[in-house]
Amino acid sequence: MKSARSTVVVLCAVTALILAVLYGPILMAIVTAFVPMRGGVFQWDQVSIVAFESINGDIVDALKLTLIVGFVASTIALAISTGIALYCAPGAGLGRKFIEFLIFLPFVMPPIITGLALLISFREADVPRSLLTVLVGHVTILLAIAYRTIVTRLREMGASLVEASLDLGASRLQTFWWVVLPNLRPALMASFVLCFALSFDETMVTLLLTGGQSTFPVRLWGMMRLGFSPSISALVVYILAVSTVLSLFLIRLFVPARSKAVA
Amino acid sequence: MGHPQVNFRKTPELGSAREARLINSLVVIAYILPIALILGPFCIFFVVSFGRVEASAVVIDFNLSNYVRILADSTVRMVIGRTLVIGIATALVCTLVGFPAAYLMKILGPTRRSLLMVAFAVPLLMSYVIKIYTVRNLLGTNGVINHFLMASGLVSQPLEFFTLSYYGVFLTLTSVLLPFAVFPIFLSLDRIPASLVEAAADLGASRTRIFWTVIFPLSLSGVAVSLTFTFVLAIGDFITPELVGGPNGFTLGRIIFSQFGLGFNWPFGAALSIFMMMIVTVALALATRIRPPGKVTF
């Protein structure tokens, strides 16, 4: 069914409005990265890239730390949730439903609650806040996403492939390695990218669980409470570039098969 | 002729002891980790909410005073009320505005659709703090918006709506959470079989009628997800109110956060969090009631 022309115009107008709201502030920040602002007025005669040079080593260190945390947390979350998904994929039984409920709980509840629950538990257990506690927090948050992607793929696969492999005499380990894992690969890749993106941006849980070293979002949080700074605007430029690449990649991973079936 | 069979039988036998151990450890992982990482902390959290602070240490003596305070303290009640208003307003605005965008995404051709998806996904993947920072740049009494409005002579006083206050929190949350509304609604629209729409059209239904009797009811699952996503994220946030709320824009998330920082009253913060969990649970329960009338399966 083709939509009426007037409908399309209205839809386009609303969408344009949303995009303006989404991108307006970002573009504004990008402009301020190059053009200094004084008293709410752009100084167009002072265009420079000074802001980019003012990004100090602290931020780069925080960025590195965030990348490491993201990589390690995503890998651990993926490994754990693959194990749990293999066990829970059949879906029958109260125990399995209960595990699923637990895994989804931190995803459904606001992150501040998961963060605080972990914070209090670490304190009760006398575990000092450090990068390790941040890592545990990230894994907890990421489990739901990783599990969901993997278990969906496992259920799509169905039992017949595994049964065929076992009937042909492969051991369970061999079946896992040669049949299940290759079939899971797209799902694993997709959920790794998704987990990494989420971990990279995770602020609330990190803020509550972090010790001395601060990750990138936490560092930004600290900078921003102090107020406006051109080096943050310069960072916006970098972050926009990275997230554009990341979202192109993600959409490629998740969408291609479906988008062809357009009415 | 029996030789290959012997070999085949042997492999699983050899592997079986190792495999049994592997499968057992899988079961252990499946149970222990979620319990240790999620159930345990949530239980401890719940227990702490019945404690109190004495000489800067948390004493757990199972009293209800924290919960009584939530209900009795008029400031806390007001903040909770305002948080709910912000959450509901954000969810409604995001969903109402997000629906047309999702619908456009659905009817566009593959290339334009992918472009639009990327356009919505980029802000979603951008650092959350950075996004709020960029919005904050525009808000405030001396912010870009008010500055522009004053300079252009449209208003003589800075508009309160664009200051760092409750309004600022609402505006920021709405703009940041919009993609969370668009994607679930798009997914539900995308799942509607074209045959249903074609059937309705063949039977002579007008476009308006097709929309309201076929498409809209079948998209309700996505609408429900959009409403709950945006509502839960809005009421649970403490970063946005902390950065754009100004001195008075307190929300539930922000008070909870302050109990674990300067306020140092963990039990009260825990009780407030449990209260927040109850609100979220009620919201989720309500959302499951949003669904098309009758049973639809395809």
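Throughout, protein chains are lettered first and strands after them, A, B, ... in sequence-line order, and every chain is numbered starting at 1.
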Below 4.5 Å from any heavy atom of chain B, which atoms of [X] appear? Answer side chain, backbone, both or neither.
X        : result
A:Leu143 : side chain
A:Leu198 : neither
A:Ile120 : both
A:Phe98  : side chain

Quick check on [X] against chain A: is it the side chain, the backbone, both or neither that has a heavy atom closer than 4.5 Å?
X        : value
B:Ile235 : neither
B:Leu178 : side chain
B:Val280 : side chain
B:Tyr31  : both
B:Val135 : both
B:Leu138 : side chain
B:Leu33  : side chain
B:Ile274 : neither

Distance alone, cut at 3.5 Å: any donor-acceptor contact between the side chains of A:Glu202 and B:Tyr128?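 There is no such pair between these side chains.
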
Any idea which of [options] has the most non-hydrogen atom pairs under 4.5 angstrom with chain B?
options                               : answer
A:Ile84, A:Leu235, A:Leu27            : A:Ile84
A:Val8, A:Leu86, A:Leu119, A:Val136   : A:Leu119
A:Val139, A:Val242, A:Leu248, A:Val14 : A:Val14

Looking at A:Tyr87, is A:Arg96 sitting on its ring face, NZ or CZ under 6.0 Å from the six-membered ring centre and within 45 degrees of the normal?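 Yes, a cation-pi geometry holds between A:Arg96 and A:Tyr87.
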
Could you tell me if A:Arg172 sits above the aromatic ring of A:Trp177, with its cationic atom closer than 6.0 Å to the ring centre and no more than 45 degrees from the axis?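 Geometry flag: not set, cation outside 6.0 Å or 45°.
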
Quick one: pull up CD1 in B:Ile215 and CG in B:Leu196 and give me the separation to the nearest 0.5 Å.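 One finds 10.0 Å between CD1 of B:Ile215 and CG of B:Leu196.
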
Working note: A:Trp221 + B:Leu243, criterion side-chain contact (heavy atoms from CB on, under 4.5 Å); need CA distance, chi angles, decisive distance, verdict. CA-CA 9 Å; A:Trp221 160 264; B:Leu243 285 175; 4.0 Å; yes

Of all pairs that satisfy side chain to side chain donor-acceptor pair (under 3.5 Å), the ones with a partner from residues 7-29 of chain A, not counting sequence neighbours: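 Residue pairs with at least one partner in residues 7-29 of chain A: there are none.
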
Look at B:Lys131 together with A:Asp201 and state whether they make a salt bridge at an N to O cut-off of under 4.0 Å.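 Salt bridge absent between B:Lys131 and A:Asp201.
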
Using the six-membered ring wherever Trp is involved, compare the ring planes of B:Phe45 and B:Phe260 and label them parallel, tilted or perpendicular (cut-offs 30° and 60°).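 Answer is tilted, since the angle falls between 30° and 60°.
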
If the contact rule is any heavy atom under 4.5 Å from chain B, which residues of residues 103-113 of chain A qualify, in numerical order?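 The stretch touches chain B at A:Ile103, A:Leu105, A:Pro106, A:Phe107, A:Val108, A:Met109, A:Pro110, A:Ile112, A:Ile113.
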
